[in-house]
Trainee: 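Can you read through this structure? Questions will come right after.
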Amino acid sequence: MLVWTHDRWRFPLPERHRFPLDKYALLRERVVADGTATEVRESDAVPWQWLESVHEPALMRRVRLGELSVREQRGLGLPWSDALVERGRRSVGGTVEAAALAVEAGLGMNLGGGTHHAGRAFARGYCLFNDVAVALWRLRGEGRVRRALVVDCDVHQGDGTADLLGPDPECFTLSLHGARNYPFQRIASDLDVDIASGTGDDRYLSALAEALDHTLPRARAEVAFYLAGADPWEGDRLGRLKLTKAGLRARDELVLDRLLDEGIAVCVVLAGGYAEDVRDTVDINAATAAEVARRTCAL
Ligand SMILES: [Zn+2]
């Protein structure tokens, strides 16, 4: 399988910050060692004009020039730097490429992306740009798809995606998340499923199956974006759910199989994951990649 990465573009972070900057290179090495990825490409930075087509141009100007207010900086949770911005643009580029491959070949994956807390006029929760909204805007601009679906299984609610794509009549937004997790002020998705703290594999998987039953006939999507967040894992520092690694793998299989059975092209992105030991997050992301690769071969 061909995947995209931007792991060489790093940015300055304070010591012991929770953002898992090391995860991306470890994951690339792992999927190559596993034989999951037969080709890894480095994604280009998307042009500012693309970002301004989705996000408020005044916000993009503040991001570009490092002029975010103190309040915006705090909400973002990552210190601004040129390197941070460059990396963010490359992360979006990977999702744009993976989405184009998905529409061509059925499946695509970016070893990054899923920055779902970025909305039209806000950049917060470690998310500068909304890669999924930009990728969908590109696919539509090229006349390749109209109807889309977002299946957001990160443990945090996809408020930025809901802000950008919730009102879109040709895009269905589904978010399954910890009821008591960030963000505490929500923006409504087309379907939000609140999962109680401490929920384990079985109850989570049945809620997910039910949500997909509701969603698929309504979405009638040509392309889906799957945010395979690793943070519903029981050991996650920011999540409050209790899924095992096997449960997360079953989640990936369920989502991929249901979407592919419907003939929907699927673009997979990583979203969050904040295990104490970054290797646990890498295990979970690598398992997702393996499930994508297995189905890529079968297409
Ligand atoms: Zn998250």
Side-chain angles (χ1 to χ4, degrees), residues 13 17-24 27 74-78 87-88 91-92 94-95 109-119 122-133 150-166 173-189 191-199 204 207-208 211 225-245 247-249 251-252 255 267-278 280-289:
L13 264 182
H17 192 287
R18 277 176 170 155
F19 187 84
L21 194 51
D22 294 333
K23 166 179 98 169
Y24 298 86
L27 178 61
R74 203 179 300 130
L76 179 60
L78 298 172
R87 183 180 185 281
S91 167
V92 176
T95 301
M109 184 167 186
N110 181 16
L111 300 181
T115 41
H116 59 164
H117 299 307
F122 55 86
R124 62 192 184 206
Y126 304 164
C127 301
L128 268 184
F129 313 116
N130 195 302
D131 57 316
V132 164
V150 180
V151 178
D152 187 339
C153 288
D154 188 273
V155 83
H156 304 101
Q157 195 248 358
D159 55 343
T161 305
D163 180 56
L164 285 161
L165 298 174
T173 51
L174 163 63
S175 177
L176 227 87
H177 45 258
R180 295 188 54 228
N181 271 118
Y182 176 94
F184 304 106
Q185 286 185 339
R186 305 277 169 88
I187 297 170
S189 313
L191 178 60
D192 283 301
V193 181
D194 280 323
I195 309 283
S197 298
T199 296
Y204 181 94
L208 174 59
F225 293 88
Y226 172 39
L227 280 71
D231 46 14
W233 183 54
E234 55 192 349
D236 197 88
R237 285 175 295 170
L238 300 187
R240 292 170 177 272
L241 304 187
K242 290 278 174 284
L243 273 73
T244 65
K245 289 181 183 178
L248 286 163
R249 192 162 188 145
R251 172 199 70 172
D252 295 337
V255 173
C267 173
V268 182
V269 295
L270 296 186
Y274 309 93
E276 188 73 53
D277 184 339
V278 72
D280 286 315
T281 305
V282 170
D283 279 349
I284 295 164
N285 291 155
T288 303

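First listed ligand is number 1; within each ligand, the first listed atom is number 1. Note: hydrogens, waters and symmetry copies are ignored here, and every other heavy atom, side chains too, is used.
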Trainee: N/O/S atom of H116 under 2.8 Å from the Zn ion (ligand 1), yes or no?
Mentor: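 No, outside the cut-off.
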
Trainee: With side-chain hydrogen bond (donor to acceptor under 3.5 Å, both in side chains) as the test, would you mind laying out the steps for H156 and D231 before giving the verdict?
Mentor: CA-CA 8 Å; H156 304 101; D231 46 14; 3.2 Å; yes

Trainee: Could you check whether the rings of H117 and Y182 sit parallel, tilted or perpendicular, using 30° and 60° as the cut-offs?
Mentor: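 Rings of H117 and Y182: perpendicular, as their planes differ by over 60°.
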
Trainee: Please find the N/O/S atom of D231 nearest to the Zn ion (ligand 1) and write down its name.
Mentor: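 Restricting D231 to its N, O and S atoms, the minimum distance to the Zn ion (ligand 1) goes to OD2.
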
Trainee: Can you tell me the N, O or S atom of D154 that's nearest the Zn ion (ligand 1)?
Mentor: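 Within D154, restricted to N, O or S, the Zn ion (ligand 1) is closest to atom OD1.
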
Trainee: In H156, the N, O or S atom nearest to the Zn ion (ligand 1) is which?
Mentor: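 For H156, the N/O/S atom sitting closest to the Zn ion (ligand 1) is ND1.
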
Trainee: Hydrogens and angles aside, do N130 and T161 bring a side-chain donor and acceptor to less than 3.5 Å of each other?
Mentor: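 A pair is found: one side chain offers a donor N or O, the other an acceptor, under 3.5 Å apart.
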
Trainee: Go through the steps for R186 and D192 under the test salt bridge (Lys or Arg N to Asp or Glu O under 4.0 Å), then give the verdict.
Mentor: CA-CA 10 Å; R186 305 277 169 88; D192 283 301; over 6 Å; no

